[in-house]
Number of protein chains: 2
Amino acid sequence: MTPSSASTAQAPNNDFYAAHDKLYVATDCIIFGFDDGDLKLLIFKRRVEPDSGIWSLIGSFVKIDEDVDEAARRVLKEITGLEAIYMEQSKTYGKAERDPGYRCISVAHYALMRINDHDRELTQSHGAFWYTLQEIPKLALDHTEMVSDALDKLRRRARYQPIGFELLPEKFTIPQLQKLYESIYQRELDPRNFRKKVLSLKVLVKLDEKDKSGSKRGAYLYRFDSEKYQELLESGYNFEI
Amino acid sequence: MTPSSASTAQAPNNDFYAAHDKLYVATDCIIFGFDDGDLKLLIFKRRVEPDSGIWSLIGSFVKIDEDVDEAARRVLKEITGLEAIYMEQSKTYGKAERDPGYRCISVAHYALMRINDHDRELTQSHGAFWYTLQEIPKLALDHTEMVSDALDKLRRRARYQPIGFELLPEKFTIPQLQKLYESIYQRELDPRNFRKKVLSLKVLVKLDEKDKSGSKRGAYLYRFDSEKYQELLESGYNFEI
DNA sequence: GATTTTAAGCGTTTAAAATACGCTTTTTAT
DNA sequence: ATAAAAAGCGTATTTTAAACGCTTAAAATC
């Protein structure tokens with residue numbers, strides 16, 4: 001039997017295809033980026049038959065001698081060209097009927113990246129596009145649920161771990177950081193209180209440069225100081241934005 | 001090839017055993033209970049060879065036509081006799097070398113139950129014992145890591161969802177509830193502030209009975225009102241203990 | 001070149017929540 | 001009778017969050 005028309009991952013080629021005869025393990029990646037003041041998701045439109053035109057997350061089967069998280073990193077590298085990306089396991093999807101083609105469980109991971117870092121030609125060659133959260137079309141299989149779950153986890157984690165910085169360039173302004181959190185939580189924040197809160201954590205280092213792209217006046221650039229953050233953690237502080 | 005000496009789950013019998021030839025999917029359960037003022041974990045000492053004497057979590061392979069969470073529920077029922085238990089997916093363990101016997105990934109779930117509800121004969125017949133967190137011996141494979149991860153998740157979730165009540169009997173006193181939270185967070189709480197906080201949530205119903213087991217004076221029994229809790233959630237309130 | 005506009009940046013006030021802790025009550029043990 | 005111990009109620013203090021006023025810098029407009 002051939003893979004289902006809705007399936008998006010490739011079956012390992014060291015084995016025959018067989019529906020409900022063998023249990024496959026795959027990984028799917030929910031790739032978040034931030035650009036232009038918006039949180040975005042990288043999704044793929046298949047350009048070849050079967051399934052041409054179907055939007056989905058990118059994924060792959062886990063190889064027989066490969067760690068599951070290694071498989072997720074392999075997928076990320078294949079698609080973005082990047083290796084050092086923040087990645088976190090999200091959830092495992094194991095309904096027997098979730099993929100009509102195979103019996104396949106998928107270990108979803110979400111990743112955070114700086115959109116400008118990645119290899120645009122590479123992603124384009126895979127038929128990949130960045131979509132804002134509001135624009136995301138209906139996705140294949142249970143991928144819509146995967147995105148929604150990953151977003152929940154991202155939101156929760158962003159509250160107690162400074163993962164937001166993984167989505168911004170090295171140098172960023174406070175207003176940019178605020179825009180990021182606003183797009184993660186989908187609600188507006190008071191700029192004065194946000195600034196106060198984020199500076200009170202003492203994990204940002206103010207630079208002597210300004211970024212003029214966002215306003216006439218320009219805003220000071222900062223960088224995240226992970227050493228200070230480590231000290232803060234070790235002293236028992238509970239980071240929270 | 002036969003299963004590794006360290007493996008604790010049973011291979012599906014509709015297939016041959018083969019090391020690193022086939023990727024198996026299993027589930028392991030981290031079963032928490034609360035009794036005697038202490039949070040406890042249900043673990044198993046194998047009584048038969050191979051692996052006799054090895055402590056581990058209980059688990060099973062996922063059947064070819066079975067949802068992964070269904071497999072976890074099956075395991076829970078087999079071991080405790082209980083079906084309606086709170087269960088949550090914890091994390092998936094997918095290192096290629098995590099089990100020397102098979103290539104096997106495991107989707108861990110944690111469960112919360114009332115120790116007195118379960119079938120003691122059944123658990124004993126499986127060689128199961130309840131251990132407090134401090135007493136837990138070294139466990140097979142990566143099971144120690146599984147317990148530690150599950151405990152982290154339980155702690156986080158207990159902060160914003162009232163899952164603590166899953167561990168207490170229907171009727172409980174405020175001091176009992178406090179003891180529970182103290183044993184989850186492993187730190188002491190002020191009884192006066194705890195009472196104030198928990199009552200301010202308005203999700204407890206005071207009963208006309210007292211429990212005299214904990215003190216001379218006795219303490220009023222309460223029950224958790226899940227309808228009130230639902231209302232609270234729907235009104236946008238963010239439950240937090 | 002003065003004026004308007006806009007976001008950046010700094011500050012204060014008010015409200016709410018968390019923490020610390022005093023005191024009375026009820027009951028058993030001495 | 002009295003001491004002991006947990007239950008239960010209350011208040012004061014500190015900390016944190018939310019609301020909002022005002023100045024500053026620099027480009028755009030008149």
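Remember, predicted model here, so these are calculated numbers, not experimental data. In what follows, chains are A, B, ... by sequence order, proteins preceding strands, each numbered from 1. Both backbone and side-chain heavy atoms feed into the values below; hydrogens, waters and symmetry mates do not.
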Whole Å only: how far is the [atom1] atom of [X] from the [atom2] atom of [N]?
X         : N       : atom1 : atom2 : answer
Asp211(B) : dA6(D)  : CG    : P     : 15 Å
Phe194(B) : dC9(D)  : CZ    : P     : 15 Å
Ile174(A) : dA7(C)  : CD1   : P     : 17 Å
Arg187(A) : dA17(D) : CZ    : P     : 12 Å
Leu201(A) : dA17(D) : CG    : C1'   : 14 Å
Asn193(B) : dG10(D) : CG    : C1'   : 11 Å
Ile241(B) : dA18(C) : CD1   : C1'   : 15 Å
Tyr220(A) : dG9(C)  : OH    : C1'   : 10 Å

Give a yes or no on whether a salt bridge exists between Glu83(B) and Arg73(B), defined as a side-chain N under 4.0 angstrom from a carboxylate O.
-> no
Can a donor-acceptor pair under 3.5 Å be found between the side-chain atoms of [X] and the base atoms of [N]?
X         : N       : value
Arg217(B) : dA7(D)  : yes
Arg192(B) : dG8(D)  : no
Lys196(A) : dT16(D) : no
Lys216(A) : dT24(D) : no

N/O (side chain, Arg195(A)) to phosphate O (OP1/OP2, dG9(C)) under 4.0 Å = yes
Give a yes/no on whether any side-chain N or O of Lys197(A) is located under 4.0 angstrom from OP1 or OP2 of dT16(D).
-> no
Distance only, no hydrogens: is a donor on one side chain within 3.5 Å (strictly under) of an acceptor on the other, for Asp28(A) and Tyr93(A)?
-> no
Compare every heavy atom of Ile241(A) with every heavy atom of Val198(A), then report the nearest pair and how far apart it is.
-> CG2-CD1, 4.3 Å
Sidechain-backbone polar pair: Gln161(A) side chain, Ala158(A) backbone, donor-acceptor under 3.5 Å = no
Look at all strands and tell whether Pro175(B) reaches a base, only sugar-phosphate, or nothing, counting heavy atoms closer than 4.0 Å.
-> sugar-phosphate
Candidates dT27(C), dT19(C), dA6(D) - which lies nearest the side chain of Lys212(B) = dT27(C)
Contact nearer the 5' end of DNA chain C, comparing Asp190(B) with Glu240(B) = Glu240(B)
Which of parallel (below 30°), tilted (30 to 60°) and perpendicular (above 60°) describes Tyr181(A) and Phe194(A)?
-> tilted
